[in-house]
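We use all heavy atoms of the structure for the numbers below, so side chains are in, but hydrogens, waters and symmetry mates are not.
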Amino acid sequence: SLLSFFSLPDLKRLGVSLGSVTLVLTGLWYVSDGPVHSMSRGVIVLDGLLSFLGLSACRLLFRLVRQSTGSEGELTVRRVGIVGAGKVGAALARELQTSGRLKPVVFYDDADRKIGAHVHGIAVVGPVESIKKSSIPALDEVIIAMPKASGERVRAILEFLAAQGIPCRTIPSLGQLAEGEMVSSLRPVEIGDVLGRESVELDAEGLQAFYGGKTVLVTGAGGTIGSELCRQLARHGARRLVLVERSESALFEINTELSEAVDCVPELADVVDSNTLGAILREYRPSVVFHAAAFKHVGLLERQPEVALRNNVAGTHTLASLAREHEVDRVVLVSTDKAVAPSNVMGATKRVAERLFEGFALEPDATRFVSVRFGNVLGSSGSVVPIFQKQIAEGGPVTVRDPEVTRYFMSIPEAAGLVLCSAMIGENGDRFILDMGEPVRIMDLAEQMIRLSGKTPGSEIDIKITQLGSGEKKHEILNALGESVEATAYPKIKRIHTEDLSEASWRVLQEQLKQLHDLSPEDAAAWLRRAAPDYQPD
């Protein structure tokens with residue numbers, strides 16, 4: 001090992017090596033009359049102990065010299081405090097002590113039992129609020145090393161540090177740490193850290209067993225959810241990924257990213273093109289299909305309902321029909337909370353898509369049709385978070401539709417991981433809804449994002465109240481009247497129970513689907529009102 005990086009694993013290896021020599025010599029003393037027997041057994045043992053201590057001290061000295069001198073040309077050492085004196089905080093402190101660029105000088109922790117203790121020689125002085133009365137010299141930065149902390153606590157820490165004028169960073173999330181990210185890969189605190197979303201423990205072994213060795217097709221593979229589904233499927237051992245995407249640039253990016261990790265088949269195709277889609281299914285015979293391709297921007301689709309119908313409804317019907325024809329084991333529809341009592345075209349088209357899957361599930365065949373609903377995804381294209389980020393970068397104002405409007409949020413990896421779990425446990429006709437936690441006021445979200453940028457809401461960055469757009473609700477709901485939910489084996493996944501689509505209603509919907517071609521915007525809106533009875537347009 002490199003002497004200047006001497007650590008506990010190296011100490012153990014040294015002990016095992018020298019201990020083995022000592023045991024061999026002791027054994028020879030008992031079985032041989034040679035030179036070894038002529039010396040005392042105590043000499044053999046003492047030689048082993050002195051060798052171990054001497055070599056350990058020599059290696060430790062190299063490390064201490066390196067840490068004290070630092071690298072040539074290194075930047076000035078910054079004094080940092082670490083919030084969280086647990087395993088993660090201790091690992092971070094050890095890495096920082098080794099690198100020498102950031103010098104941890106104090107731990108802050110909310111647990112009373114840790115106050116007064118020392119971790120790697122660094123004192124634990126209490127909660128971070130004790131900075132005010134601490135005798136520790138001024139800090140250059142504080143690092144939050146609490147991956148399991150609640151969003152409320154992280155929010156309180158950020159507000160306190162901002163008031164003290166102390167910069168703050170955090171460590172990678174639990175998911176990133178599990179994927180091999182170094183604990184010392186510090187990053188700015190993001191809005192997802194303060195929204196209060198709990199980490200989701202996915203059944204990695206179950207997912208590996210289910211998806212391992214399978215061919216999986218993902219429509220909308222270059223989109224926010226589609227691309228994350230592909231990344232996670234690659235990690236869970238899928239044999240081949242068939243990437244179906246109509247955007248050339250998005251398809252190129254996801255294929256380039258994953259082609260070295262898994263056998264990828266990039267297919268530049270549209271889900272409404274039945275001939276091309278049928279040829280793809282016939283050639284690659286996927287076991288599982290995730291249907292993530294959809295138009296989703298509410299304002300745009302309000303103006304062009306006929307386009308939304310063609311992509312979100314006709315495309316879904318084409319895919320489901322072809323999947324059944326080519327005996328796909330299961331097809332999973334990625335849906336949205338806007339499909340519940342829809343008030344806009346996008347939500348209504350997704351509600352019809354859900355009804356399509358209910359109808360296909362009525363027919364006796366081997367293909368299982370499953371749908372999964374969830375709300376807004378943090379950082380997805382067109383969502384409020386990147387819009388706010390752009391407005392803040394431009395100096396404001398940040399536009400909020402209504403001071404009381406709320407939305408449900410979850411992270412991209414969380415949403416995709418739960419969709420994979422839903423597909424694994426879903427039976428034919430199952431409908432799932434993901435637990436989105438508590439809704440978030442968009443006004444609070446805007447204020448938090450402004451603070452995270454280092455600005456003050458209302459003074460340095462203005463917040464401008466506009467009005468709800470056409471088809472937008474003030475509050476979203478996750479299940480409609482007449483729908484009940486029950487728990488599944490996964491705490492974040494709920495199964496929806498409601499009155500099943502009747503055979504007669506399915507036949508009516510099939511007849512309505514024949515009218516989808518060449519509809520005018522007015523005809524498309526009227527068609528939606530007939531096909532989605534609970535659609536109440538704004």
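Among all heavy-atom pairs drawn from Gln208 and Gly237, the shortest one is NE2-CA, 3.9 Å. Among all heavy-atom pairs drawn from Ala145 and Ile171, the shortest one is CA-CD1, 3.9 Å. Scanning all heavy atoms of the two residues, the minimum distance from Ile450 to Pro457 falls at CG2-N, 3.7 Å. Residue Ile254 comes nearest to Gly222 through the heavy atom pair CG2-CA, 4.3 Å, listed as atom of the first residue, atom of the second, then distance. Nearest heavy-atom pair, Asp109 versus Gly86, reported as atom, atom and distance to 0.1 Å: OD2-N, 4.2 Å. Contact detail for Val45 and Thr22: the closest heavy-atom pair is CA-CG2, 4.3 Å.
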I'd like a table of donor-acceptor pairs (distance under 3.5 Å, sequence neighbours excluded) in which one partner is a side-chain atom from residues 116-126, with atom names and distances.
unit_1, atom_1, unit_2, atom_2, d
His120, ND1, Arg94, NH2, 3.0
His120, NE2, Ala90, O, 3.3

Compile the donor-acceptor pairs under 3.5 Å between side chains in residues 333-340 and protein atoms, sequence neighbours left out, one pair per line.
unit_1, atom_1, unit_2, atom_2, d
Ser335, OG, Glu354, OE2, 2.6
Thr336, OG1, Lys338, N, 3.1

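Taking CG of Leu241 as the reference point, atom OH of Tyr211 lies at 11.5 Å (rounded to 0.5 Å). The distance from the CG atom of Leu233 to the NZ atom of Lys214 is 11.0 Å, given to the nearest 0.5 Å. Arg78 CZ to Leu139 CG: the interatomic distance, rounded to the nearest 0.5 Å, is 10.5 Å. If you take CG on Leu251 and OG1 on Thr256, they are separated by 8.5 Å, rounding to the nearest 0.5 Å. To the nearest 0.5 Å, the span separating SG on Cys421 from CG on Leu207 amounts to 4.5 Å. Note that CD1 of Ile143 and OG1 of Thr170 are 9.0 Å apart. Values are rounded to the nearest 0.5 Å.
Here Asp430 pairs with Arg495 in a salt bridge; the nearest charged N to carboxylate O distance falls below 4.0 Å. Using a 4.0 Å cut-off between a side-chain N of Lys or Arg and a carboxylate O of Asp or Glu, Arg153 and Glu129 qualify as a salt bridge.
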Stepwise side chain to side chain contact (heavy atoms under 4.5 Å, CB included) test for Arg231 and Leu258: CA-CA 7 Å; Arg231 293 184 190 100; Leu258 297 180; 4.1 Å; yes

From CA spacing to verdict: salt bridge (charged side-chain N to carboxylate O under 4.0 Å, His left out), Arg401, Glu472: CA-CA 10 Å; Arg401 302 285 197 187; Glu472 290 185 334; 3.4 Å; yes

Derivation of the side chain to side chain contact (heavy atoms under 4.5 Å, CB included) call for Val242 and Val218: CA-CA 6 Å; Val242 183; Val218 180; over 6 Å; no

Step-by-step side chain to side chain contact (heavy atoms under 4.5 Å, CB included) determination, Leu229 to Ser227: CA-CA 5 Å; Leu229 285 172; Ser227 60; over 6 Å; no

Derivation and outcome, side chain to side chain contact (heavy atoms under 4.5 Å, CB included), residues Thr219 and Phe290: CA-CA 6 Å; Thr219 70; Phe290 288 96; over 6 Å; no

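Only one option out of Lys473, His475, Arg441 pairs with Thr406 in a side chain to side chain donor-acceptor pair (under 3.5 Å); it is His475.
With sequence neighbours left out, the side chain to side chain contact (heavy atoms under 4.5 Å, CB included) criterion links Ser422 to Val372, Phe432, Leu434, Ile493. Not counting sequence neighbours, Glu260 has no partner by the salt bridge (Lys or Arg N to Asp or Glu O under 4.0 Å) test. With sequence neighbours left out, Asp263 forms a side chain to side chain contact (heavy atoms under 4.5 Å, CB included) with Arg240.
Side-chain contact between Ile463 and Pro397 is absent, with no heavy atoms from C-beta onward closer than 4.5 Å. In this structure, Val216 and Ser287 have side chains that are not in contact, with every pair of non-hydrogen atoms separated by 4.5 Å or more. Residues Phe409 and Leu445 form a side-chain contact, since some pair of their non-hydrogen atoms from C-beta on lies under 4.5 Å apart. The shortest side-chain heavy-atom distance between Val106 and Ile82 does not fall under the 4.5 Å cut-off. Looking at heavy atoms from C-beta onward, Val262 lies in side-chain contact with Cys264 at the 4.5 angstrom threshold. Within the 4.5 Å cutoff, the side chain of Tyr108 has heavy atoms near those of the Ser130 side chain. When side chains are defined from C-beta on, Phe374 does not count as touching Leu418, because their heavy atoms never get closer than 4.5 Å. At least one side-chain heavy atom of Lys296 sits under 4.5 Å from a side-chain heavy atom of Thr224.
A donor-acceptor contact shorter than 3.5 Å links the side chain of Glu245 to the backbone of Ser247. A donor-acceptor pair is defined here as one N or O able to donate and one able to accept, closer than 3.5 Å; no such pair exists between the side chain of Asp402 and the backbone of Leu468. Side-chain atoms of Arg330 come within 3.5 Å of backbone atoms of Gly426 as a donor-acceptor pair (strictly under, hydrogens ignored). The main-chain N or O of Ser459 is never found under 3.5 Å from a side-chain atom of Thr456 such that the two would form a donor-acceptor pair.
Atom CD of Gln467 has 12 or fewer heavy atoms from other residues, nucleotides or ligands within 6.0 Å.
Sorted by first and then second residue, the pairs that involve residues 157-172 and meet salt bridge (Lys or Arg N to Asp or Glu O under 4.0 Å), not counting sequence neighbours, are Glu141-Arg169.
With a 6.0 Å cutoff to the six-membered ring centre and a 45° limit on the axis angle, Lys390 does not count as a cation-pi contact of Phe388.
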